[in-house]
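Below: the structure, in C-alpha cells.
As the structure is a prediction and not an experimental result, all values here were calculated from the model.
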Amino acid sequence: PALAELIYRCNQRSDGGVHCLHAAQGADIASHASELQALPPDEAAFWAIKEGGQLVGVVGCEFDPAFARAWVRGPLLTDGRLLADILPVVGATLESALAQVTQFDAFPAADGAGLNHWYTAAGYEALQVHRVLRATVGKEPAMARSVRRAATAELLALLSLHQSLFPNAYIGRTNFERAVAQGGDCALFAACSGDAAPIGYLYVKDDPVEHEAYIDYLGVMPAHRGQGFGRALLGAAFAWAAQRGRGHLTLTVREDRHTALNLYQQAGFVEVSAGRHWRKVVKQPA
C-alpha cells in the first residue's frame with residue numbers, strides 16, 4: 001500500500017500528466033495497489049528507496065524472461081534533487097538483480113527534464129517519441145465483413161505476419177494462442193481479402209485498471225494498405241471494447257509512423273500524452 005501511494009503521488013504532474021508512462025496504472029491509489037497485487041511475482045520487481053529510514057522513492061521493473069526484456073517504472077521520488085544521488089545505485093541494482101534481462105526499456109514523459117536526464121546519465125539510448133492516443137467507445141459497431149476473430153488454423157500465418165511487420169515485438173506466440181482461445185482478457189482479429197490467408201491483424205487486450213481496452217498491435221501487409229483494412233480492424237476493436245463495457249480504446253504510435261497516425265486520427269483518436277523511448281542493452285557476465 002505504501003508503494004502504491006508513493007507511485008501515484010510522485011508520478012503526478014501539475015499539468016495533469018504523468019512523469020513515467022509505464023507507472024501510470026489507474027486514476028487513484030486503490031487502482032495502483034490492485035495492479036501491483038496482480039503482477040506475477042516472477043515477472044515484476046520493485047525496490048523501495050529510503051533515506052534516514054523514510055520511504056522517499058521507488059523504482060520497479062516488469063520483465064519478460066522469454067524475451068530477456070524489462071520495462072522500467074521510475075525512478076519516482078518525493079524530491080527531484082534525489083535523482084542524481086541514486087543514479088549510481090539504481091542502475092547497477094536493476095542490472096545485477098535481473099540477470100536474465102539484456103534489454104531495459106523506459107518511457108518517461110517526452111518533455112520531462114528530470115527522468116530524461118537520468119536515463120541519459122544512466123547510459124540509455126534515446127529512441128523515438130511514442131504518442132499515446134485515446135478514442136471514446138460508443139455503441140457497439142457492426143463488424144466489417146473483411147474482419148473476423150482469428151481462428152486456431154490461422155495462428156501460424158498471423159504469427160508470421162506479426163514477426164515480419166514487428167521483428168522486435170514484445171508479445172509473441174503465447175499471447176496469440178491465448179487470444180485465439182477466446183473468452184479471456186485479449187482478442188486477436190484477422191483481416192482477409194476474399195478467402196485468402198490473412199493480410200492484416202489486430203491484437204487488443206482488456207485493461208480493467210484503466211477501464212479501457214488497449215491495442216498492442218495493428219498491422220497490414222504493405223501491398224494491401226490504403227484499402228480500408230486498418231479502419232476495419234479498428235472497428236473490430238471498438239466493438240470488442242463495447243462488449244466488455246469499456247469507455248475508451250487506447251494505443252501507442254511512434255511519432256514517425258505518419259500513415260498510422262493519420263488513420264488513428266481519422267478514427268477519432270486524440271493524443272493524451274507522449275513518452276520518449278529509452279533503451280539500454282547490457283551484457284550480463286557469462
Evaluate the criterion side chain to side chain donor-acceptor pair (under 3.5 Å) for residue pair Asn175 and Glu177; output intermediate values, then yes/no.
CA-CA 5 Å; Asn175 306 88; Glu177 288 175 342; over 6 Å; no

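- Below 30°, between 30° and 60°, or above 60°: for Phe269 and Phe238 the angle between ring planes is between 30° and 60°, a tilted geometry.
- Side-chain contact between Asn11 and Arg9 is absent, with no heavy atoms from C-beta onward closer than 4.5 Å.
- At least one donor-acceptor pair closer than 3.5 Å links the side chain of Asn116 to the backbone N or O of Gly112.
- Trp71 places none of its side-chain heavy atoms less than 4.5 Å from the side chain of Cys61.
- Donor-acceptor pairing under 3.5 Å is recorded for the side chains of Asp28 and Ser31.
- With rounding to the nearest 0.5 angstrom, the CG atom of Asp64 is 8.5 Å from the OG1 atom of Thr174.
- Under a cutoff of 6.0 Å and an axis angle of 45°, Arg276 and Phe107 do not form a cation-pi pair.
- Classification of the Tyr119-Tyr124 ring pair by plane angle, with boundaries at 30° and 60°, yields perpendicular.
- Ion pairing of Arg246 with Glu212 is absent here, as no side-chain N (NZ or NE/NH1/NH2) approaches a carboxylate O to less than 4.0 Å.
- The six-membered or imidazole ring of Tyr217 lies near that of Tyr170, with a centre-to-centre distance under 6.0 Å.
- Between Ile7 and Glu35, every side-chain heavy-atom pair lies at or beyond the 4.5 Å cut-off.
- Taking OG1 of Thr78 as the start and CG of Leu55 as the end, the distance is 8.0 Å to the nearest 0.5 Å.
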